[in-house]
Amino acid sequence: MKAKKVLTCGENTATVQPDPTGDGYLVRFQIGKADWVLREVILAKAMLYAEEVLRRNTLVVG
């Protein structure tokens, strides 16, 4: 993967991009006012973490 992928759910976002050091991928989360980064070696795991965190941190009103 050469470009970054952005996942959104409401106001929450997760961005998956290659690690500049060349070792894996960075997942940057922006959930509400919180902002943190996770490093993962396997792209599939990075995407799975991004989807799961967004799913668990999104308020569903209905």
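Minimum heavy-atom separation, Tyr25 to Ile42: CD1-C, 4.2 Å. Shortest non-hydrogen contact noted between Pro18 and Ala3 is CD-O, 4.2 Å.
A distance of 11.5 Å separates CD in Glu11 from CD in Gln30, rounded to the nearest 0.5 Å. For the atom pair Leu38 CG and Phe29 CZ, the distance stands at 5.5 Å (nearest 0.5 Å). Here the CD1-CH2 distance, from Ile31 to Trp36, works out to 4.5 Å after rounding to the nearest 0.5 Å. Between Asp35 atom CG and Arg28 atom CZ the span is 5.5 Å, to the nearest 0.5 Å.
Between Arg39 and Thr21, some side-chain heavy-atom pair lies under the 4.5 Å cut-off.
Using a 4.0 Å cut-off between charged nitrogen and carboxylate oxygen, Glu51 and Arg55 do not count as a salt-bridge pair.
Taken together through direct or relayed side-chain contacts under 4.5 Å among Ile, Leu, Val, Met, Phe, Trp and Tyr, Leu26 and Met47 form parts of separate hydrophobic clusters. Cluster membership check: Val16 does not share its hydrophobic cluster with Val37, using side-chain heavy-atom separations under 4.5 Å among Ile, Leu, Val, Met, Phe, Trp and Tyr. Under the 4.5 Å side-chain heavy-atom criterion for grouping Ile, Leu, Val, Met, Phe, Trp and Tyr, Leu43 is connected to Leu54 within one hydrophobic cluster.
Between the side chain of Asn12 and the backbone N or O of Gly32, at least one donor-acceptor pair lies under 3.5 Å.
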